[in-house]
Protein chains: 2
Amino acid sequence: MRTSRTIPTLDDVAKKAGVSTATVSRCLNTPDRVQKNTRVRVLKAVEALGYTPNFGARVLAAKRTFTIGAIIPTMENAIFARGLQAFQEELQRAGYTLLVSSTAYSPAAEDEQIRALITRGADGLLLIGYDRDPALYRYLKRQAVPALIAWAHHPDIPRPAIGFDNRRAMALLTEAVLAQGHRRIGVITAVTKGNDRAADRLQGIRDALQARGLDPETLAVIETPYGVENGEVAMRTLMQADAAPTVVMCGNDVLAAGALRGAKAMGLSVPQDVSVTGFDDIELARIVTPALTTVHVPHREMGTKAAKALIAMVEGAAPPAPTELPISLEIRDSLGPVKTA
Amino acid sequence: MRTSRTIPTLDDVAKKAGVSTATVSRCLNTPDRVQKNTRVRVLKAVEALGYTPNFGARVLAAKRTFTIGAIIPTMENAIFARGLQAFQEELQRAGYTLLVSSTAYSPAAEDEQIRALITRGADGLLLIGYDRDPALYRYLKRQAVPALIAWAHHPDIPRPAIGFDNRRAMALLTEAVLAQGHRRIGVITAVTKGNDRAADRLQGIRDALQARGLDPETLAVIETPYGVENGEVAMRTLMQADAAPTVVMCGNDVLAAGALRGAKAMGLSVPQDVSVTGFDDIELARIVTPALTTVHVPHREMGTKAAKALIAMVEGAAPPAPTELPISLEIRDSLGPVKTA
DNA sequence: GATCACAATGCAAGCGCTTACATAAATTTC
DNA sequence: GAAATTTATGTAAGCGCTTGCATTGTGATC
């Protein structure tokens, strides 16, 4: 395809401008190493011929693709979509292009995607969360491809990362919940296997209970895949139990939106009959009724900073220290005091 | 970077396996043109060395990148995110990788992105909507890069496209609205400049009015950028007019969600005081209260089909006939009969 | 058993670009 | 004004892979 003899090459431009290919190349890549008038002449030739550098040749010779790969669970999730958008904008600004791959939360798929993107010549990789096969980390190291972890931050793991402490954030929210007098707590969490963010959030709830001298075993936990429907189903299950919870804490806003819908369908009003909390503070959180109490995460900031950090790494900077972004509690109407029956 | 002499090349594999580089290459690309036992030997060498083909070299030699570019207004918009996700999944299945670029609804930015992605060696391009500079279409043609248009379908424009007829869909919805007795109609539309989907939808409303012998000039139209907030603001403006509309039709679900919030903030109940409609049927539509009457668009199907069609084009098939996907009306609680004062 | 057809493999010529090095010209230094 | 330095450009050697063509080996055919 695209091979017709009409596509001009560097050589054609060089001939047209009466210079060597080296000069043309320099005009395009390091313009200030070329005298002004030759530069003008060359650029004119480029224009006239409609020349576009051949990507493969450039990559082969320069050993850089100016491409960054991102491997995320899914783009449908507003959380990642938003951060990814910011990430892409920042890359674009710096002259990089974004290669996207998704895993549907499957570690095996992620493994495959990582290798695929490296094969595709990604100069650097954005990964979500820490939890993956050590062999993969070894592979990355051997390939000398910088990788940055986002959406998570473990102070004690020394990998380059930019995110927030899911566990501590959820503990914080739990404290706010406990302060409202709640003791019978239901939890709807995303699948925790292979998803350290979800696991951390769940653990955060347990931490807070323990800190208050309460027994984490009293939690009613339901684990379910991402999705509004699933949140709704889980909510029904929780609320049909003998001693129904007075508050249901959800691993993310989407599950919480489902929980809200479930409550409504069962004729329960929130927060009078049962409180609900989310996590992430996506736009949805302020659209549902009642507005969702949740943990605010600076998605766009995370995306932008991740892009900057990754570009720096790709361009040879030392890996940055793990960066923790501040989260904050958004207390809205879906959380109320426990019902004093 | 990544240049250390430790990275094995085809040559290393060939030496290790005791064959020529040609044979190794064939093992990897056309395995059935190689005898079984040599193939096994080669693959073993590949494995042992941890060989990964060099992307640039492969692209340069093969003149294919197995990369497809998508240029969308934004990923934050659930509509595109969803379709794009399906698009990417299908590409992945076929061994292609997705290159993503966003334009923030700016035609100039789009122009730039298109050229950038082609320079990056995209084998094909996914574009949103028809509306762009003819010079760009000429450029695409000259570069011999197949491009497929999605999210829109004009029966009379002969470009490869896969989408739906925004205008007719909105006319359909408008008929349903008129059938409920509404005559004072407010419209909140996305910015129509450079966005033919938005313009078509607005035009669809006018079409339906005209078909009923009503005057399109009676419409109260507010044009605003994408976003819940903007929908809310527009709603307030509309409802403060002297003869406030009895129904507000929005160009998409996100604006409609904003309108709903605006109504609530003004103490208006939907649909008793005012009806609201959306477009796209994203998940949001069934989460808000009341659930949104909207036009259902098969996003995932569109993404998947677009991927299949584009791959076929890239691989040399004739451009497919423009494909129209069926939409359907989702009549939900946000639309009611006009209030008989 | 010689001939032919065909499958399996090797040879080597690029693909179009970047860049180290060499060269030539211009500028500065003493 | 010659030598030393700097600047601008050219030369040409790859970068690692694919693929057309040539070569070799194998079994089938007569």
Side-chain angles (χ1 to χ4, degrees), chain A residues 1-43 45-46 49-66 118-121 123 143-144, chain B residues 1-43 45-46 49-67 118-121 123 143:
Chain A
M1 270 116 264
R2 308 183 49 179
T3 326
S4 90
R5 286 279 142 254
T6 62
I7 293 185
T9 71
L10 242 208
D11 224 52
D12 298 328
V13 177
K15 287 212 184 74
K16 177 127 186 166
V19 296
S20 73
T21 60
T23 301
V24 178
S25 174
R26 278 189 283 257
C27 268
L28 267 27
N29 299 311
T30 52
D32 28 275
R33 306 196 59 65
V34 170
Q35 223 172 16
K36 174 134 192 224
N37 51 3
T38 36
R39 197 192 321 154
V40 170
R41 191 150 36 94
V42 168
L43 293 182
V46 166
L49 261 40
Y51 167 76
T52 303
N54 175 294
F55 177 69
R58 187 200 279 264
V59 167
L60 179 55
K63 310 201 185 322
R64 289 281 303 279
T65 59
F66 286 94
I118 288 186
T119 303
R120 283 298 158 86
D123 288 339
Q143 297 285 326
Chain B
M1 270 119 259
R2 306 183 48 177
T3 329
S4 90
R5 286 278 143 253
T6 62
I7 293 184
T9 72
L10 242 208
D11 225 53
D12 299 328
V13 176
K15 286 211 184 75
K16 176 125 187 168
V19 297
S20 72
T21 60
T23 301
V24 178
S25 173
R26 279 189 283 256
C27 267
L28 267 26
N29 300 311
T30 53
D32 28 275
R33 305 196 60 66
V34 171
Q35 222 172 16
K36 173 132 190 225
N37 51 3
T38 37
R39 196 192 321 153
V40 169
R41 194 149 37 95
V42 168
L43 293 182
V46 166
L49 262 41
Y51 168 75
T52 303
N54 175 293
F55 176 68
R58 188 203 281 266
V59 168
L60 178 55
K63 308 199 187 322
R64 289 281 305 278
T65 60
F66 286 95
T67 292
I118 288 185
T119 303
R120 284 296 156 87
D123 288 339
Q143 297 286 325

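Each chain gets a letter, A, B and so on, in the order the sequences are listed, and its residues count up from 1.
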| Those residues that, when tested against A/V24, pass side chain to side chain contact (heavy atoms under 4.5 Å, CB included) (two or more places apart) | A/L10, A/V13, A/A14, A/V19, A/L28, A/V42
| Taking only residues two or more places apart in sequence or in another chain, which ones pass side chain to side chain donor-acceptor pair (under 3.5 Å) with B/R120? | A/T97
| B/F55 CZ to D/dC15 C1', straight-line distance once rounded to whole Å | 15 Å
Identify all pairs in which a protein N or O lies below 3.5 Å from an N or O of nucleotides 20-25 of chain D, and state each distance.
none

| request: Check side chain to side chain donor-acceptor pair (under 3.5 Å) between B/S20 and all other residues, then give those that pass, not counting sequence neighbours. | output: B/T23
Pairs: protein N or O with nucleotides 23-26 of chain C N or O, under 3.5 Å:
none

| note | Sorted by chain and number, sequence neighbours left out, ring pair (Phe, Tyr, Trp, His ring centres under 6.0 Å) with B/F66 holds for B/Y96
| message | Let me check the geometry of the helix from C/dG1-D/dC30 to C/dC30-D/dG1. What is the bend angle between the axes at its two ends, five pairs each, to 10°? | response | 30°
| remark: Residues at least two apart in sequence or cross-chain that pass side chain to side chain donor-acceptor pair (under 3.5 Å) with A/D11, listed by chain then number, are A/K15
| request: Counting heavy atoms from C-beta on, name the nucleotide in D/dG14, D/dT9, D/dC17 closest to the side chain of B/A57. | output: D/dC17
| note | A/S25 has its side chain closest, among C/dT18, C/dG10, C/dA12, to C/dT18
| field | Results of side chain to side chain donor-acceptor pair (under 3.5 Å) for B/S25 - residues two or more places apart only | value | B/N29
| task | Would you jot down, in residue-number order, the residues of residues 35-42 of chain B having a non-hydrogen atom under 4.0 Å from DNA chain C? | result | B/Q35, B/T38
